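All values derive from a computational prediction rather than experimental measurement.
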Amino acid sequence: MAGEAPESSTEYISHHLTHLKVGEGFWTWHIDTMFMSILLGLVTIALFYSAARKATAGVPGKWQAFVEMVVETIDNLVKEVFHLDRSFLAPLALTIFVWVFLMNAMDLLPLDLPGKVAGLFGIHYWRVVPTADVNTTFAMSLTVLLVVLYFSFKAKGAGGYLHELFTAPFGANPLLWIPNLFLNLVELLSKPVSLAMRLFGNMYAGELVFMLIALLGAGFFTFTIGSSVGMVGQVLMGAAWAIFHILIITLQAFIFMMLTIVYSAMATEHH
């Protein structure tokens, strides 16, 4: 029995980390990630649409007041960092925060519940946390890179931005063009990489912790107390981690949003 536990644990974790996918190699599509991302994107739109549709000029309801507070808070954050027209960046920041938060929040669902629901439809693998898939976080970070490039060209013009790539930070001497370009490209590309890996790493680690709790928590309580309360011990340990994980979920969404704002503001600065 002692030799079977690691194999069983490995299979359990491997099963929960396997995507529902089609295709092979580079053209592999993670169907569960795409479905959950689109679904939660539609939920994001529906939440704000419902608040806008029911908005009143008088005393707002609780939901309207909450949405207005979130919108105003994020708009003020953008205003403090980004000093140009924020008609595009503020809604983008709001969308990023809410969408990433909802995707992260899927990590709070009971670990085995999504798989059991998917099993009813004959689906053997189903991961519900899109941000625990590096493909999602890199896709979002590359979108942020496009936004940064957009603001760079908008603020400086094509000629001004290209001139900056070749002349900053060391100067305009032709001998320094290549080192300048190299350093600027490294700085530019490091932004989406850091964005993607930070969000992915935190959410993937959180997912693994829930799996370890499911394996170790139930086993410990079952061994020390008895099988009748083993599941209770697992639930208590999972609940404690979930409460702490709420902070991580919110913080990671906030960091991704704030770095998007900061990178966009940096793109408008002249060197």
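- Ring-centre distance between Phe97 and Phe256: not below the 6.0 Å cut-off.
- The distance from the CG atom of Asn104 to the CE atom of Met203 is 4.0 Å, given to the nearest 0.5 Å.
- Annotation: His15 is in aromatic contact with Tyr125 [ring centroid separation under 6.0 Å].
- Salt bridge Asp75/Arg86: present, at least one basic N to carboxylate O contact under 4.0 Å.
- In this structure, the side chains of Asn184 and Leu188 stay at 4.5 Å or more apart for every pair of heavy atoms.
- Expressed to the nearest 0.5 Å, how far CG of Asn135 lies from NE2 of His19 amounts to 7.0 Å.
- Here Leu39 contributes atom CG and Phe35 contributes atom CZ; the two are 5.0 Å apart, rounded to the nearest 0.5 Å.
- Around atom CH2 of Trp63, more than 12 heavy atoms belonging to other residues, nucleotides or ligands sit under 6.0 Å away.
- Between Phe88 and Val147 the shortest side-chain heavy-atom distance falls below 4.5 Å.
- Looking only at side-chain heavy atoms (C-beta outward), Phe182 and Pro179 stay at 4.5 Å or farther from each other.
- Side-chain contact between Phe254 and Leu77 is present, with at least one heavy-atom pair separated by less than 4.5 Å.
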Any chance you could lay out the ring pair (Phe, Tyr, Trp, His ring centres under 6.0 Å) test for Phe82 and Phe151, step after step, and finish with the verdict? CA-CA 11 Å; Phe82 190 81; Phe151 280 117; 5.0 Å; yes
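- When each of Val128, Ile249, Thr131 is checked for a side chain to side chain contact (heavy atoms under 4.5 Å, CB included) with Met106, only Val128 meets the rule.
- Using modelled atom types and a 3.5 Å distance limit, the side chains of Asp112 and Tyr12 yield a donor-acceptor pair.
- At least one side-chain heavy atom of Val71 sits less than 4.5 Å from a side-chain heavy atom of Phe48.
- To the nearest 0.5 Å, atoms CD1 (Ile248) and CG (Leu251) are separated by 8.5 Å.
- Aromatic rings of Phe210 and His16 (six-membered ring for Trp) have centroids beyond the 6.0 Å cut-off, not under it.
- Taking a 4.5 Å side-chain heavy-atom cut-off between Ile, Leu, Val, Met, Phe, Trp and Tyr, the cluster of Leu42 extends to Ile38.
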